[in-house]
Amino acid sequence: MLLATLDFQTLSDAVGLGAIYALMAVGIGLVFGVLRLVNFAYGQLVMAGAYTLAFTSTWPLWASIAACFVVVVALSLAMETVVFRPLRGQSPAVMLVTTFAVAFLLQAIALIIDLRDDTLGEVAASLTSLNEPVSIFGGEVRKITLVSIAVAAGALLLLALLLTRTTIGLHTRAAAGDFRTARLLGVRANRVIAFSVFLSGLLAAAVAVMMTVQLPLVTPDFALRDTIVVLVGVVVGGIDRLWTATLGGFTLGFASGLINGLLPTDKTVYLPSAVFALVILVLLLRPAGLFAWGGRTAPERV
Amino acid sequence: MPEPALELDGLEVRYGTVAAVRDVALRVDKGEIVGLIGPNGAGKSTTLHAIMGVVPASAGEIRLHGRSLRKRSSESIAQAGVALVPEGRRIFYEFTVEENLRLGLAARRGSGKGDPLERAYELFPMLREFRRRHAGHLSGGQQQQLAIGRALVAEPDVLLLDEPSLGLAPLAVDSVFEALRGIRERGVTILLVEQRALHTVALADRTHVLVGGELRLTLSPADARDPDKIVAAYLA
């Protein structure tokens with residue numbers, strides 16, 4: 001039989017993966033909004049966070065998680081100042097290729113650091129107890145799934161409040177819509193960019209903490225495949241709006257989780273093929289994005 | 001002795017090898033309205049963009065209250081007290097009217113008492129009534145009022161307007177010019193770029209005619225009664 005039965009555990013795992021991918025999609029979408037830059041190196045921020053968790057796994061849990069957030073946010077801000085800022089105003093192709101270079105550079109650095117003990121991979125096992133199941137609604141759900149969903153929902157809610165209720169949020173949304181006009185109105189470009197990059201770093205750190213629960217062995221290509229899937233999800237959802245990008249990320253995470261659960265164990269190598277076949281279908285049927293309804297701007301009236 | 005608010009001196013702007021604006025000198029004294037008219041492509045918008053730091057000036061000087069604005073970023077020029085109502089209004093359609101106005105506060109210096117949006121509401125009561133609506137649902141004339149209101153809440157010393165009457169119905173055009181009179185009464189200095197020559201010459205204290213990137217002629221309000229002179233200036 002090709003398909004195993006769809007059970008509660010598969011469904012909840014898929015939602016959990018969708019939640020994590022949604023957070024990555026927001027992180028990528030936030031930076032795209034203000035810089036018009038698709039940050040391919042986003043996965044390497046998550047990877048750096050995972051390594052930090054591995055190297056600090058003897059520390060108290062709170063300190064280890066705090067270190068992860070500090071390292072990832074600092075790296076995210078450094079990436080902006082050292083690499084993206086000098087490239088501002090360059091063509092999107094130049095910036096995209098540059099983020100490839102940054103991604104490979106960070107992977108190479110991680111490899112050098114990792115191989116100091118002559119074995120590839122470090123273990124971040126502080127939180128593996130979250131893989132234990134709990135009973136809920138008569139079914140079994142792993143704790144990490146509940147944590148992922150709660151963290152994603154909380155983070156998205158906070159972000160929505162931050163973007164709609166605060167001045168810096170208003171400025172960031174304006175910069176994402178029309179950067180030149182926003183600057184003409186006095187919106188400080190460097191401030192909204194730093195704000196977006198900071199938030200995007202926080203999200204990458206949260207993703208690193210949750211991902212290491214399920215994949216405690218951290219290698220230089222940690223989160224690389226996930227980033228590619230999320231980038232595809234962001235494009236499929238519609239990259240020019242934060243919420244469609246987020247839904248796109250969630251959808252691909254959910255679909256991956258579902259197909260992974262439905263495929264028999266010896267057939268899971270077909271997972272990427274199945275996911276990307278779906279993506280091609282979506283791009284053929286809804287090229288503007290799965291969730292793009294109507295135009296971006298209202299028609300100009302006289 | 002009138003006090004100069006904004007001065008351009010020998011301003012030149014180049015796009016590659018082409019000079020879009022050449023040796024433009026003009027001054028706008030405190031509390032004045034100065035008009036800048038001319039045919040399409042004369043360099044009117046480019047002049048405003050140079051003042052706001054959107055395009056670099058290749059030569060000459062731009063001064064606000066005697067201090068140079070050259071080589072400063074758009075946001076720092078806005079924060080120094082120059083506000084632009086851009087061509088095509090450039091309001092944020094997906095934001096509410098109130099959010100659009102609050103964006104204008106980004107360039108506001110200091111914090112006065114009371115509701116900072118009051119300046120816009122007082123001049124355009126419609127904005128208060130529709131403050132919760134999406135800006136994209138406003139008519140063209142209302143959107144122009146929003147764009148002007150958004151510039152005013154920053155409490156600028158100098159207001160630059162780039163063809164505010166463009167694409168508006170005749171009644172809406174009249175209300176824009178009426179609003180400009182009201183703004184002058186509040187002590188704001190105005191540099192107005194327009195295509196509607198007669199309206200502009202009648203309103204402004206002085207109107208310069210820009211043709212081919214150079215100032216050709218200066219008209220006074222009395223010249224509004226002599227349309228032939230204005231037409232001749234365009235064709236000269």
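Computed from a predicted model, the values in this text were never measured in an experiment. Proteins get letters first, then strands, A, B, ... in listed order; numbering begins at 1 in each.
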If every non-hydrogen atom of [X] is compared with every non-hydrogen atom of [Y], which pair is closest and at what distance?
X        : Y        : answer
A:Asp178 : B:Arg90  : OD2-NH1, 3.2 Å
A:Ala189 : B:Glu75  : N-OE2, 3.0 Å
A:Gly186 : B:Ala107 : CA-CB, 4.1 Å

Engaged part of B:Gln79 at the chain A interface, taking heavy atoms whose separation is under 4.5 Å:
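The side chain, not the backbone.
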Assess whether side-chain contact (heavy atoms from CB on, under 4.5 Å) is satisfied between A:Arg241 and B:Glu94, documenting all intermediate values.
CA-CA 12 Å; A:Arg241 282 165 189 255; B:Glu94 295 182 349; 3.0 Å; yes
Show your reasoning for whether side-chain contact (heavy atoms from CB on, under 4.5 Å) applies to A:Leu185 and B:Phe92.
CA-CA 12 Å; A:Leu185 294 171; B:Phe92 291 83; 4.3 Å; yes
Looking at [X], I want to see if its [atom1] is surrounded by more than 12 non-hydrogen atoms of other residues, nucleotides or ligands under 6.0 Å.
X        : atom1 : result
A:Arg88  : CZ    : yes
B:Arg27  : CZ    : yes
B:Arg109 : CZ    : yes
B:Tyr15  : OH    : yes
A:Leu285 : CG    : yes

Only pairs of heavy atoms separated by less than 4.5 Å count here; which of B:Ala106, B:Ser76, B:Gly104, B:Pro156 has the most with chain A?
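It is B:Ala106.
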From the list B:Met52, B:Glu99, B:Gln142, the residue making the most non-hydrogen contacts under 4.5 Å with chain A is B:Glu99
How many angstroms lie between NE2 in A:His171 and CG in B:Leu105, if you round to the nearest 0.5 Å?
7.5 Å
Distance from A:Arg188 atom CZ to B:Ser74 atom OG, nearest 0.5 Å?
13.5 Å
Among A:Thr181, A:Leu184, A:Leu170, A:Thr164, which residue has the highest count of heavy-atom pairs closer than 4.5 Å to chain B?
A:Leu170
